[in-house]
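Here's the structure, in structure tokens; my notes come after.
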Amino acid sequence: MIRLDECFLYHYYEAGNGPFRNLSQLPLEEAFAVMDKIKMEGTSFASKRSDDYLIIRRELEQHARKLFIYKGGKPQTAYPHYMTLGECNWLKEWYQTPKEIKIHINEFDSKTISFTYGDLFPTMRYKDDRPYRGQLYLKNEISKLVQQYGWPQEWNKEGNHGPERYIEVQVWDDQVIQRYL
């Protein structure tokens with residue numbers, strides 16, 4: 001069994017932009033303008049996203065928030081910030097000048113963080129027979145899942161075995177995040 005009290009959460013970002021920049025927290029029109037600028041620059045992974053990305057993202061985030069509340073989570077924000085459970089070097093490839101923030105999991109109130117086994121997008125949208133598809137997990141549930149399936153960062157480093165490349169953490173509170181802005 002993994003020991004979550006020994007784990008860190010990681011946030012990756014472009015050095016010139018700063019951490020925890022969240023498109024979902026912007027008014028939709030402003031978010032589209034930022035997305036258009038990212039696409040025009042064409043220098044990051046995000047520049048390859050589809051035109052309907054923001055609409056789908058907001059729908060998925062609202063679905064995840066509802067699941068989180070249903071399971072007993074206490075989100076303090078309408079939209080999450082994103083981190084990974086454990087390190088994921090592949091995400092550094094998304095940026096020209098990558099930076100990372102590493103925060104111990106115990107700095108977060110467990111009622112304000114949720115987990116998906118893989119990125120929220122494929123976890124909620126990809127259709128196959130894997131039992132973690134469409135699921136959101138609480139802190140007290142994720143270690144059992146890792147024990148059962150392993151770390152995607154290890155068994156799927158190259159992305160050859162499905163869309164899950166890391167365990168995503170949705171942070172539904174700005175309290176800890178504010179210290180890193």
Side-chain angles (χ1 to χ4, degrees), residues 1-28 30-31 34-35 38 44-46 54 57-95 97-124 132 135-147 151-154 164-181:
M1 193 74 138
I2 69 159
R3 295 187 44 94
L4 280 183
D5 59 349
E6 296 173 359
C7 290
F8 286 86
L9 308 186
Y10 290 78
H11 175 71
Y12 301 95
Y13 61 97
E14 181 62 49
N17 295 336
F20 298 110
R21 304 289 302 258
N22 193 328
L23 284 172
S24 295
Q25 291 181 336
L26 298 174
L28 195 54
E30 190 177 337
V34 170
M35 202 61 217
I38 290 169
S44 69
F45 181 86
L54 288 172
R57 174 178 166 158
R58 286 183 181 212
E59 290 170 359
L60 290 175
E61 288 172 334
Q62 288 307 303
H63 177 65
R65 191 173 194 276
K66 287 176 186 171
L67 288 174
F68 187 45
I69 291 168
Y70 177 77
K71 292 185 109 180
K74 304 285 183 203
Q76 304 300 305
T77 57
Y79 300 100
H81 288 287
Y82 294 98
M83 300 187 79
T84 63
L85 178 61
E87 195 171 11
C88 180
N89 288 318
W90 173 67
L91 289 175
K92 293 176 187 175
E93 296 174 16
W94 289 20
Y95 307 100
T97 311
K99 296 283 283 183
E100 72 180 42
I101 292 176
K102 176 180 170 182
I103 306 172
H104 196 278
I105 194 169
N106 289 342
E107 287 193 45
F108 296 93
D109 179 340
S110 62
K111 294 284 189 190
T112 64
I113 56 175
S114 60
F115 301 81
T116 49
Y117 195 82
D119 184 273
L120 184 65
F121 261 67
T123 295
M124 295 299 171
Y132 46 78
Q135 303 296 315
L136 181 129
Y137 299 91
L138 301 177
K139 183 180 177 183
N140 65 356
E141 299 172 312
I142 197 65
S143 60
K144 182 179 178 185
L145 202 68
V146 175
Q147 184 69 30
W151 294 92
Q153 296 98 306
E154 293 174 5
E164 53 279 89
R165 302 283 297 266
Y166 51 86
I167 295 169
E168 185 175 88
V169 184
Q170 298 86 33
V171 179
W172 300 93
D173 190 355
D174 288 334
Q175 186 178 357
V176 174
I177 301 300
Q178 290 297 325
R179 291 186 235 148
Y180 296 89
L181 297 178

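Note that the structure is predicted; figures quoted are calculated from it, not measured.
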Handout entry: Audit row: Leu67, Met124, side-chain contact (heavy atoms from CB on, under 4.5 Å) steps and yes/no
Key = CA-CA 11 Å; Leu67 288 174; Met124 295 299 171; 3.9 Å; yes

Handout entry: Worked verdict on Val169 versus Tyr10 for side-chain contact (heavy atoms from CB on, under 4.5 Å)
Key = CA-CA 9 Å; Val169 184; Tyr10 290 78; over 6 Å; no

Exercise for the section: Take Val176 and Val171 through the test side-chain contact (heavy atoms from CB on, under 4.5 Å) and record every step on the way to the result. Expected result: CA-CA 9 Å; Val176 174; Val171 179; over 6 Å; no

Exercise for the section: Applying side-chain contact (heavy atoms from CB on, under 4.5 Å), run through Phe108 and Gln175 and close with a yes or a no. Expected result: CA-CA 8 Å; Phe108 296 93; Gln175 186 178 357; over 6 Å; no

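When every heavy atom of Ala78 is checked against every heavy atom of Gln62, the shortest pair comes out as O-NE2, 3.3 Å. Of all non-hydrogen atoms in Met83 and Ile103, the two that sit nearest each other are CE-CD1, 3.8 Å. The two residues Pro19 and Leu181 make their nearest non-hydrogen contact at O-CD2, 3.5 Å.
Annotation: side chain to side chain donor-acceptor pair (under 3.5 Å) contacts involving residues 63-75, sequence neighbours excluded, comprise Lys71-Glu141. Applying the salt bridge (charged side-chain N to carboxylate O under 4.0 Å, His left out) test to every pair with at least one member in residues 101-124, sequence neighbours left out, gives these pairs: Glu107-Arg179. Legend: salt bridge (charged side-chain N to carboxylate O under 4.0 Å, His left out) pairs involving residues 75-91, not counting sequence neighbours, sorted by first then second residue: Glu87-Lys92.
Partners of Phe8 under the ring-ring contact (aromatic ring centres under 6.0 Å, His included) rule, at least two apart in sequence or in another chain, are His104. Here Ala15 pairs with Thr97, Lys99 under the side chain to side chain contact (heavy atoms under 4.5 Å, CB included) rule; sequence neighbours left out. Taking the salt bridge (Lys or Arg N to Asp or Glu O under 4.0 Å) definition, one finds that Glu168 meets it with nothing, sequence neighbours left out. For Tyr137, there are no side-chain hydrogen bond (donor to acceptor under 3.5 Å, both in side chains) partners at least two apart in sequence or on another chain. Partners of Glu6 according to the salt bridge (Lys or Arg N to Asp or Glu O under 4.0 Å) rule, which considers only residues two or more places apart in sequence or in another chain, are Arg3. For the side chain to side chain contact (heavy atoms under 4.5 Å, CB included) test, residues two or more places apart in sequence or in another chain that qualify with Ser114 are Phe68, Leu136, Gln170, Trp172. Residues meeting the ring-ring contact (aromatic ring centres under 6.0 Å, His included) test with Tyr132, sequence neighbours left out: Tyr117, Tyr149. Considering only residues two or more places apart in sequence or on other chains, Ser110 meets the side chain to side chain contact (heavy atoms under 4.5 Å, CB included) condition with Lys139.
The structure places CG of Asn106 at 8.5 Å from CG of Leu4, a figure rounded to the nearest 0.5 Å. Interatomic distance, Tyr180 OH to Ile101 CD1, rounded to the nearest 0.5 Å: 7.5 Å. Here the CG atom belonging to Leu85 is positioned 7.0 Å from the CD atom belonging to Gln153, to the nearest 0.5 angstrom. If you take CD1 on Ile167 and CG on Leu145, they are separated by 7.0 Å, rounding to the nearest 0.5 Å.
Side-chain atoms of Glu164 never come within 3.5 Å of backbone atoms of Thr116 as a donor-acceptor pair (strictly under, hydrogens ignored).
Only one option out of Tyr13, Tyr12, Tyr82 pairs with Leu91 in a side-chain contact (heavy atoms from CB on, under 4.5 Å); it is Tyr12.
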